[in-house]
Amino acid sequence: MKTAFKIFLLLAVVGYLVVAVWKFADQAEDRTCEGVRVEILDSIPDGFITDEYIRSILTRNKISPEGMKISEVNLEKIEKLMLEESHIERASCYYDAAGKLYIRVVPQQPILHVISQQGEDYYLSSTGLTMPTAGFNVDLCVATGNITKKFAAEHLLELARFIHDDLFWSEQIEQLHVVSPEQIELYPRVGQHVIDLGNEDNFQEKLHRLRIFYREGLERVGWNKYKKISLAYDDQVVCTKANNIKK
């Protein structure tokens, strides 16, 4: 008897939930959009993508959700329009209980500003995509020299990501210069030397060597003693003295 009652009670609860959800969905179809709120999940302090930028995407595509019936607002279309922007990595749209439309976006993370000798000017994102710089100003390490977009994605991406994410190197390295595929130079903020990295192979081990040399060498003899520090040779740090430094 108790088992039958429990089954009846369970069926009653399920039936109630089904009816409640159906009524809520039916009512939601007739409700109007009560406004738009933009949420930007951006790790850049100054903001790479702004609220105004997201709303401008809606404006230029002639989409004005506020005041429209919720059933008439195509959320999939809005998400697709957001993802067509090279500066946006992920996007999602949803309504809250009050009928307000939320547009949540995750911007692409720019990690390198490339200005090639071929005249190209763009940001390289952490996912390897290129992003136009027009209208945006992000303080990043700059890469110059003989750089194609393919070379940037295949040979500079991991190095740029490492420098960008490392607290010390992000503060120390302000420029990469590609002389050739086998010679990448780094220009630091502190010290007047040029760092010859060689190619990008084993760059983490090379920079680890340089970090030790900074700590155990340059901090004793001075940061301007050398004009060039080469990491191109295995297990070595080869230095060339500055012309104004006496032996």
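Quick note: numbers below take in every heavy atom, side chains included, and nothing from hydrogens, waters or symmetry partners.
Here the closest heavy-atom approach between residue Ile57 and residue Met82 is recorded as CD1-SD, 3.7 Å. Nearest heavy-atom pair across Arg37 and Lys100 is CB-CD, 4.1 Å. Closest heavy-atom contact between Ala152 and Leu124: O-CD2, 3.7 Å. Across every non-hydrogen atom of Glu79 and Cys93, the tightest pair is OE2-N, 2.9 Å. Tyr102 approaches Asp96 most closely through the heavy-atom pair CE1-OD2, 3.3 Å. For the residue pair Asp121 and His113, the shortest heavy atom distance occurs at OD1-NE2, 2.6 Å.
Hydrophobic clustering (side-chain heavy atoms under 4.5 Å, transitive across Ile, Leu, Val, Met, Phe, Trp, Tyr) keeps Leu210 apart from Tyr233. Hydrophobic clustering (ILVMFWY, side-chain heavy atoms < 4.5 Å, transitive): Val237 and Tyr226 are in one cluster. In terms of hydrophobic clustering, with Ile, Leu, Val, Met, Phe, Trp and Tyr side chains grouped at heavy-atom distances under 4.5 Å, Val142 and Phe151 are assigned to different clusters. Ile212 and Val238 sit in two unconnected hydrophobic clusters of ILVMFWY residues. Membership requires side-chain heavy atoms under 4.5 Å apart, directly or through other members. Linking Ile, Leu, Val, Met, Phe, Trp and Tyr whenever their side-chain heavy atoms come within less than 4.5 Å leaves Leu129 and Val105 in two separate clusters.
Asp201 meets the side chain to side chain contact (heavy atoms under 4.5 Å, CB included) test with Asn199; sequence neighbours excluded. Residues satisfying the side chain to side chain contact (heavy atoms under 4.5 Å, CB included) criterion with Glu185, sequence neighbours excluded, are His177, Val179, Gln183, Tyr187, Val194. Remark: Phe203 pairs with Phe162 by the ring pair (Phe, Tyr, Trp, His ring centres under 6.0 Å) rule, at least two apart or across chains.
Relative to the six-membered ring of Phe168, Arg211 meets both conditions, a distance below 6.0 Å and an angle of at most 45° to the axis. Geometric assessment of Lys149 against the ring of Tyr122 yields a positive cation-pi assignment under the 6.0 Å and 45° thresholds.
Note: Tyr53 and His87 have perpendicular aromatic rings, judged against thresholds of 30 and 60 degrees for the angle between ring planes.
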Next item on the list: Quick one: do Arg161 and Asp165 satisfy salt bridge (Lys or Arg N to Asp or Glu O under 4.0 Å)? Show the steps, please.
Entry: CA-CA 6 Å; Arg161 187 185 290 138; Asp165 293 341; 5.4 Å; no

Check: For Glu85 and Arg60, what are the C-alpha separation, side-chain angles and deciding distance, and is it a salt bridge (Lys or Arg N to Asp or Glu O under 4.0 Å)?
Finding: CA-CA 13 Å; Glu85 298 290 315; Arg60 67 173 179 260; 2.4 Å; yes

Item checked: Intermediate values then yes/no, salt bridge (Lys or Arg N to Asp or Glu O under 4.0 Å), Arg220 and Glu216 -> CA-CA 7 Å; Arg220 293 202 309 268; Glu216 299 181 358; 6.0 Å; no

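Residues Gln175 and Leu186 fail the side-chain proximity criterion, which asks for heavy atoms closer than 4.5 Å. No side-chain heavy atom of Arg189 sits less than 4.5 Å from a side-chain heavy atom of Ile173.
Among Leu157, Leu112, Ile111, the one residue that satisfies the side chain to side chain contact (heavy atoms under 4.5 Å, CB included) test with Ser126 is Ile111.
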